[in-house]
There are 2 protein chains.
Amino acid sequence: MSRERILLAGLAMVDEEGLAAVSMRKLARRLGVDPMSLYNHVDGKDALLDGIAEMLLAAIPAPPADPDLRETMSALAHGFRAAMLGHPRAAPLVLTRRLASITALAPVEAVLAPLLAAGYPPDRAVHGLRAVLAFLVGTLMREVEAAPTFGGAHRLAELERSGLPAVSAAAPYLAVCDHEAEFEFGLRIMLDALAEP
Amino acid sequence: MSRERILLAGLAMVDEEGLAAVSMRKLARRLGVDPMSLYNHVDGKDALLDGIAEMLLAAIPAPPADPDLRETMSALAHGFRAAMLGHPRAAPLVLTRRLASITALAPVEAVLAPLLAAGYPPDRAVHGLRAVLAFLVGTLMREVEAAPTFGGAHRLAELERSGLPAVSAAAPYLAVCDHEAEFEFGLRIMLDALAEP
DNA sequence: ACCTGAACACCGTTCAAGT
DNA sequence: ACCTGAACACCGTTCAAGT
């Protein structure tokens, strides 16, 4: 028994059965141990979920340093996305919890550093960070099915006869969602806006 | 007993005690009724939460028609924000659930219609809709404390001695978060990008 | 220091019985 | 058609007891 073994088993459980299926008792069973043993290494269910989120966050690779701001920011965004899509059912933990731990600051540093190096004043850099992050969180929540598609959950035929003119007109495009393309479309908007200080 | 009375009591309960505190049994107690009575009007806990989300969504006011696209989009975004901030603890229901109901299409129509009227081809209009929505979802999740601040959860002193250079340099700005200003900053980026088809 | 198991106070939902 | 209550199969966590 160790904290790490517990967190890894927890992540595996989320990956396989989904967040809603995770319980301390089932996790203990999976580890062949009494439920209460977990409490020696983890502070409770909430702390367990925080711990899993931190593992995911820590696994995001630091992209190679690049003198071009846009290149760096793009690589960071894609790295974050890849990490979340690697564990889609666990991603909401990262996208949804406020982590107090210091490891949660690594991605902040990764985004802030290139912005400051590019000449951004710190206040603008923080605004930029937060805008990009909001977009990333919103987009990724949608990708992992934890946020509304606002239309995507409906069938084409249903959209067409909704009685809503704009929805009907755009029905063929609403009915499908190419996450990759949507991600690039939105990311380009953010990166264009942050092109220079 | 009626579906509406149940949904209203459910919303009140979320407002007062938070999402995690909602249970079918407590809701029944609040209504002075047997827990199982609720099942005659609502399909279970998940359907109850969907129903509450739909109520919130339906309460978003339709802004007055304005020939200016930017004005219209801005009014829609602010209306959506106001509706979520009016029920911050319930907002994650809207921001987090995929509603299959037809009422979930009203906001889509509201955003799509002005974009089409402004000359957007339908495919571009849907991209624009999704990018704006992703930003709104991400920002509002942060505002209602359901998404990471990535830094905001930390104290100033802690940020300064984090050992991370960019984080230290920007610490005073990371330590505070003016949600209003962040919202306007990000929204402006999105609206600028959507200024013309 | 770590593990155990009984116990407490909860859950959502099924089902048979009532009116 | 709607309400009820017992019952089932779960929860997270406390606490006293063990090693």
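Within every chain, numbering begins at 1; the chains are lettered A, B, ... in the order of the sequence lines, protein sequences first and strands thereafter. Because the structure is predicted, anything quoted here is derived from the model rather than measured. Below, each value reflects all heavy atoms present in this structure, side chains not excepted, and no hydrogens, waters or symmetry copies.
- Residues Arg25(B) and Met1(B) each lie close to DNA chain D; by heavy-atom proximity, the contact nearer the 5' end of the strand is made by Met1(B).
- The salt bridge (Lys or Arg N to Asp or Glu O under 4.0 Å) check on Glu54(A) picks up nothing, with sequence neighbours excluded.
- Arg98(A) places a side-chain N or O within donor-acceptor distance of the main-chain N or O of Arg142(B), the cut-off being under 3.5 Å.
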query = Can you give the dot-bracket line for DNA chain C, where a pair is Watson-Crick or G-U wobble with both atom distances under 3.5 Å, crossing pairs use [ ], and | marks a partner on another strand?
reply = ||.|||||...|||||.||
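- Using a 4.5 Å cut-off on side-chain heavy atoms (C-beta onward), Leu105(B) and Leu159(A) make contact.
- For DNA chain D, the neighbouring residues in residues 32-46 of chain B, judged by any heavy atom under 4.0 Å, are Val33(B), Asp34(B), Met36(B), Ser37(B), Asn40(B), His41(B).
- On the nucleic acid side, DNA chain D contacts chain B at distances under 4.0 Å to non-hydrogen atoms, with the end points of that region at dC2(D) to dA7(D).
- The distance between the ring centers of Tyr173(A) and His127(B) does not fall below 6.0 angstrom.
- Near DNA chain D, meaning a heavy atom under 4.0 Å away, there are no residues from residues 2-20 of chain B.
- Here the side chains of Tyr120(B) and Leu112(B) are not in contact, with every heavy-atom distance at 4.5 Å or above.
- Within a 6.0 Å radius of CG in Asp43(A), no more than 12 heavy atoms belonging to other residues, nucleotides or ligands are found.
- Salt bridge annotation for Glu17(B)-Arg89(B): absent, with no cationic side-chain nitrogen under 4.0 angstrom from a carboxylate oxygen.
- Looking at heavy atoms from C-beta onward, Glu182(A) lies in side-chain contact with Cys177(A) at the 4.5 angstrom threshold.
- Partner of Phe135(B) under the side-chain contact (heavy atoms from CB on, under 4.5 Å) criterion, chosen from Thr139(B), Leu133(B), Val132(B), Val137(B): Thr139(B).
- Glu16(A) has a carboxylate O that lies under 4.0 Å from a charged side-chain N of Arg30(A), or vice versa, which qualifies the two as a salt bridge.
- Glu143(A) is linked by a salt bridge (Lys or Arg N to Asp or Glu O under 4.0 Å) to Arg81(A), counting only residues two or more places apart in sequence or in another chain.
- A donor atom on one side chain and an acceptor atom on the other are found under 3.5 Å apart for Glu184(A) and His78(A).
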